[in-house]
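We're numbering straight along the sequence, starting at 1. Counting starts at 1 for both ligands and their atoms, following the listed order. Keep in mind that the numbers below use all heavy atoms, side chains included, and drop hydrogens, waters and symmetry copies.
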Amino acid sequence: MTARRDGARRYNLGAIAFHWIIAALVFIQLYVGWTFADMPRGDLRTGWFDWHKTLGFTILLLSIARLIWRIANPPPPFPAALQTWERVLARANHALFYIILIGLPATGWMYLSTGKPALTSSTTSLIGGLSWPFIPGLPRGAHEGFEEAHGLLVWLTCALLVLHVGAALKHQFVDRIGNRMLPSGAGGDS
Ligand code: HEM
C-alpha cells in the first residue's frame with residue numbers, strides 16, 4: 001500500500017493525540033474516583049476530590065474539542081474486512097463514548113452544583129488554586145438523581161471500555177487488520 005493510501009485509512013495525528021490523552025486521563029480518573037469516594041471526610045479526601053474535579057473538567061473540555069475536531073476531520077472509512085455487525089457496533093460504541101465523555105463530567109458538575117457548597121459560593125476549587133463555576137439555577141431536588149446518574153455512567157463507561165478494548169484486540173490479533181489509532185507504521189496494515 002502507498003503511504004498516501006495508508007494515511008487515508010488512519011485517523012490523523014490530532015485525532016490520535018486526543019484519543020490517547022483522553023483514554024489515559026479516563027483510566028486515571030476512574031482510579032481517583034473510586035479512591036476518594038470511599039475516603040472519610042477530611043483534608044485528604046478534599047485533596048483527592050480537587051484532583052477528581054480538575055481531571056473531570058479537563059476531560060470535559062478535551063472531549064468537546066475532540067468532538068469539534070471529529071466534525072471538522074471525518075474519520076477514515078472502516079477496513080473492508082469489518083463485518084456489517086461490527087461496523088454497527090463500532091458506530092454505536094463510538095457515539096456512546098462521546099455521550100459519556102461529556103455526560104459523565106456533566107453529571108458530576110450538576111451533582112456538585114446542587115449541593116450545599118453551591119448555596120454559599122458560585123465556584124468550586126480545583127488543583128493549583130484554580131476555581132470553576134457551579135451551574136446556576138439547577139433544581140436542588142435533583143441532587144441525588146445527578147449522583148445516581150454519575151454512578152450509572154461510570155459503570156456504562158467500564159462496559160464500553162471492555163467492548164472497545166476487546167474489539168481493538170480482536171482486530172489486531174485475530175483479524176490482523178491493524179489499529180487505525182496508532183501513528184503510521186506502528187499499527188500494521190489497516
Ligand atoms: C470523565 C470524568 C469522570 C469520571 C470518569 C468520574 C468517575 C467517578 C468515579 C469512578 C466515582 C466513584 C463512584 C463510586 O462511588 O463507585 C466518582 C464519584 C464522584 N464524582 Fe466523578 N467522574 C468524572 C467527573 C466528575 C466531575 C467533573 C465531578 C464534579 C465536578 C465529579 C464528581 C464526583 C463526585 C461528587 C463523586 C462522589 C459521589 C459520591 O459521593 O458518591 N466527577 N466519579
Side-chain angles (χ1 to χ4, degrees), residues 11 14-71 75 90-168 181:
Y11 284 91
I16 292 174
F18 273 124
H19 177 273
W20 291 108
I21 292 169
I22 293 174
L25 291 178
V26 166
F27 278 110
I28 296 169
Q29 177 73 327
L30 287 171
Y31 173 72
V32 171
W34 279 316
T35 304
F36 99 86
D38 288 338
M39 285 179 173
R41 307 238 161 233
D43 288 349
L44 188 61
R45 188 185 201 273
T46 304
W48 276 77
F49 187 36
D50 281 355
W51 272 108
H52 190 67
K53 289 181 282 180
T54 307
L55 284 169
F57 290 129
T58 306
I59 292 169
L60 177 65
L61 294 177
L62 283 174
S63 300
I64 292 170
R66 180 179 181 184
L67 189 56
I68 295 168
W69 182 272
R70 191 184 203 271
I71 292 166
R91 274 203 194 95
N93 191 295
H94 298 170
L96 275 174
F97 260 125
Y98 279 98
I99 291 172
I100 274 179
L101 287 171
I102 293 169
L104 191 46
T107 50
W109 190 10
M110 291 170 181
Y111 174 59
L112 214 62
S113 301
T114 48
K116 275 194 194 130
L119 289 176
T120 51
S121 171
S122 58
T123 59
T124 184
S125 61
L126 302 182
I127 288 297
L130 297 170
S131 54
W132 185 272
F134 290 122
I135 306 169
L138 291 177
R140 279 186 50 78
H143 184 59
E144 277 170 18
F146 291 136
E147 182 187 18
E148 272 172 32
H150 195 64
L152 277 176
L153 287 181
V154 166
W155 290 111
L156 186 56
T157 305
C158 294
L160 285 184
L161 282 175
V162 170
L163 204 65
H164 188 69
V165 174
M181 231 359 137

Under a 4.0 angstrom heavy-atom cut-off, which atoms of ligand 1 come close to Gln29? 2 (C), 3 (C), 4 (C), 5 (C), 6 (C), 22 (N), 23 (C), 24 (C)
Nearest protein heavy-atom contact for atom 14 (C) of ligand 1: which residue, which atom, what distance? Trp34 CD1, 4.0 Å
The atoms of ligand 1 lying under 4.0 Å from a heavy atom of Val154, numbered in the order shown, are 7 (C), 8 (C), 9 (C), 10 (C)
Should the ring pair Trp155 and Trp34 be called parallel, tilted or perpendicular, given that the plane angle runs from 0 to 90° and is split at 30 and 60? tilted
Can you confirm whether or not the ring centre of Phe36 sits under 6.0 Å from the ring centre of His52? yes
Looking at side-chain heavy atoms only, is the closest gap between Ile28 and Trp51 below 4.5 Å? no
Can you see which heavy atom on Leu138 is nearest to which on Ser113, and at what distance? CD1-CB, 4.0 Å
Protein heavy-atom partner closest to atom 37 (C) of ligand 1 - residue, atom, separation in Å: Phe36 CZ, 3.6 Å
Trp109 neighbourhood, listing ligand 1 atoms whose heavy-atom distance to it stays under 4.0 Å: 29 (C), 30 (C)
Find all atoms of ligand 1 within a distance of less than 4.0 Å from any non-hydrogen atom belonging to Ile59, and give their numbers and elements. 1 (C)
The angle formed at atom 21 (Fe) of ligand 1 by NE2 of His150 and NE2 of His52 is about (to 10 degrees) 180°
Output the list of atoms in ligand 1 that are nearer than 4.0 Å to some heavy atom of Ala37, sorted by atom number. 12 (C), 15 (O)
Given the rule in the side-chain contact (heavy atoms from CB on, under 4.5 Å) test, do Met110 and His150 qualify, once you have shown the distances and angles that lead to the verdict? CA-CA 9 Å; Met110 291 170 181; His150 195 64; over 6 Å; no
Ring centre gap for Phe97 and His164 strictly below 6.0 Å: yes
Which heavy atom of the protein is the closest neighbour of atom 12 (C) of ligand 1, given with residue, atom name and distance? Gly33 O, 3.4 Å
Could you pull out the closest heavy-atom pair between Ile100 and Pro105, with the gap in Å? O-CD, 3.7 Å
Please state which protein non-hydrogen atom is closest to atom 39 (C) of ligand 1 and give its distance, to 0.1 Å? Glu147 OE2, 3.3 Å
Need the ligand 1 atom indices (1-based, order shown) with element for anything under 4.0 Å from a heavy-atom of Tyr111. 35 (C)
With a 4.5 Å heavy-atom cut-off, do Leu104 and Ile59 have their side chains touching? no
